[in-house]
Q: 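Mind looking over this structure? Questions follow.
Note that ligands are numbered from 1 as they come in the structure, with each ligand's atoms numbered from 1 the same way.
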Amino acid sequence: MAHLFLFTLLALSSSLPSIFAAHTASLHLRLTHVDSGQPFSSTGRIHRLVQRSHHRRKVLESRLANNSSASFNVLLKASMFDYFIEYSIGTPKLPVTGVLDTGSEVVWAKCQPCEQCDHKGISIYDPSKSSTFSKLPCSSPLYDYQPLKSVSVPKCEYVYVYGSAMINGFLATEMFSLGAESPTVNLTFGCNRLVKGTFSGASGVVDLGQGKLSLVSQLNLGRFSYCLTPFKSSSKSHLLLGDLASAKKASSGEVQSTPFLNATDQYYVAMRGISIGGNLLPIPASVFEYNKEESTGVLVDSGTGQTQLPQSAFDVIKKELQSLVGLRVKDMSKTVGLDLCFGLSSWPPPPLPDMVFHFDNGADMRMPQMNYMFADKRTRAYCLVMRPGQNGDKLTIIGNYQQQNMHIIYDVASRMLRFESTPCESF
Ligand SMILES: *[C@@H]1O[C@H](CO)[C@@H](O)[C@H](O)[C@H]1NC(C)=O
Ligand SMILES: *[C@@H]1O[C@H](CO)[C@@H](O)[C@H](O)[C@H]1NC(C)=O
Ligand SMILES: *[C@@H]1O[C@H](CO)[C@@H](O)[C@H](O)[C@H]1NC(C)=O
Ligand SMILES: *[C@@H]1O[C@H](CO)[C@@H](O)[C@H](O)[C@H]1NC(C)=O
């Protein structure tokens, strides 16, 4: 059931274009994992997570590098999102399934007639059948919004690049309804006539980034949060928008906070180090420093499964785990797809202590073994769900496998990331 308290604000920050209706919504929505209900084995699921992470990494890196020279001819099969969200578009309401993204800059929908859209079994919004659709005038300053014109496009159109995938269409306004019982909100969105790449068979993207066309900016949300149920759970995860996105625990010691970096529109934080079982690992803090030119820094992401670390940091963790696990490393890159696996000779696997990511402001993200190891009884695999950046990639991405059973609050208004451990199945 959607809990809803919606009210309209009279004024909105003058830095936002006046075309935005000013609303603050407070909603509790459900997120469905893209592999949920599918007949994959546990190993199959982790393998798919690895492939999606790999694809998504390219998307995030091209964004950081402001790279518009991506080649659109390569159509990757793996998608780059992990969670579906249900909402409806238009009048009458068309229920659709979109994907959640915290790393992009536009809310968009596949729009009829849509070329190369993957139509299989999904509802595609048709603007000609909605009475509330309205195209933005070509003179709209939003057509000059840099992320929407990374490559040259005809007047009144935009192109938005996702690594080697891309979308192309025009800007419009339409009534959206997030959650079954919520009132509709008027959003500016991208109406796509061309979609190249795989978007998990979704009808669109709900963007919770910090750009001016994101849901966060358009609804003036202030904050949002999610609580992701464990990888092996079949329960839905939770997404909270607005005031509901507050810490559950009262004691400040249980809720950790670290500031978002100001230098960028993406959700970068400052990480200082990593420890396992109370031992601070010998990784120089400098490998995590944000540097746009060198594409380094630490990005928190909802759509990437496995955490990516610079090779040097990964190697230190690998060495530490080898000594703690005391089993032989086994190459399972073809079957499981993960970079560091141990072959188990007995079950259950040897327990491992918590791993902690240390952030600025003394915030510690404490991860029990299930948040960083994948264990499978059938294949006897015991693997680290983290990967080293390849070909000199030094970007750190904190993936959602590491965020299981954690309530992660993006307090955009106070520019803080807050998190608390909590069982998300009973959230
Ligand atoms: C990205 O590149 C474009 C030109 O290609 C430039 O106008 C824009 O300012 C750059 N954006 C950032 C965030 O560096
Ligand atoms: C930009 O993208 C192209 C094509 O994907 C790639 O070959 C190139 O290495 C990228 N450049 C940077 C700086 O990431
Ligand atoms: C949505 O907002 C835009 C811009 O303010 C406006 O032109 C349009 O008529 C609105 N749509 C509806 C259905 O209210
Ligand atoms: C970001 O900017 C705000 C306002 O200028 C400042 O208070 C805050 O300390 C800055 N945060 C960081 C991480 O530099």
Q: Heavy atoms only: which of Leu261, Asn262, Thr258 lies closest to atom 10 (C) of ligand 4?
A: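 When every heavy atom of Leu261, Asn262, Thr258 is considered, Asn262 comes closest to atom 10 (C) of ligand 4.
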
Q: Ion pair present between Asp35 and Arg48, side-chain N to carboxylate O less than 4.0 angstrom?
A: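 Result for this pair is yes, salt bridge flagged.
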
Q: Quick check: Asn186 and ligand 3, any N/O pair under 3.5 Å apart?
A: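 Yes, at least one N or O pair falls under 3.5 Å.
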
Q: For Phe170, does the six-membered ring have the charged nitrogen or CZ of Arg193 within the cation-pi criterion, i.e. under 6.0 angstrom from the centroid and within 45° of the normal?
A: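 Ring-cation test returns no.
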
Q: Would you call the rings of Tyr226 and Phe224 parallel, tilted or perpendicular if under 30° counts as parallel and over 60° as perpendicular?
A: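 Tyr226 and Phe224: tilted rings.
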
Q: Starting from atom 13 (C) of ligand 4, what is the nearest protein heavy atom, named by residue and atom, and what distance separates them?
A: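 Sorting protein heavy atoms by distance from atom 13 (C) of ligand 4 puts Phe260 O, 3.7 Å first.
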
Q: Within the 4.0 Å heavy-atom shell around Thr132, which atoms of ligand 3 are there?
A: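 Under 4.0 Å from Thr132, ligand 3 has these atoms: 13 (C).
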
Q: Could you see which bit of Glu174 sits under 4.0 Å from ligand 3, with heavy atoms only: side chain, backbone, both or neither?
A: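 Neither; no heavy atom under 4.0 Å.
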
Q: Please work out whether the ring planes of Phe133 and Tyr125 are parallel, tilted or perpendicular, with thresholds of 30° and 60°.
A: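 Because their plane-to-plane angle lies in the 30° to 60° range, the rings of Phe133 and Tyr125 count as tilted.
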
Q: Can a salt bridge be assigned to the pair Asp339 and Lys318 using a cut-off of 4.0 Å between side-chain N and carboxylate O?
A: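 A salt bridge is absent here (no side-chain N lies under 4.0 Å from a carboxylate O).
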
Q: Mark whether atom 5 (O) of ligand 4 lies under 4.0 angstrom from at least one protein heavy atom.
A: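 Protein heavy atoms within 4.0 Å of atom 5 (O) of ligand 4 - there are none.
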
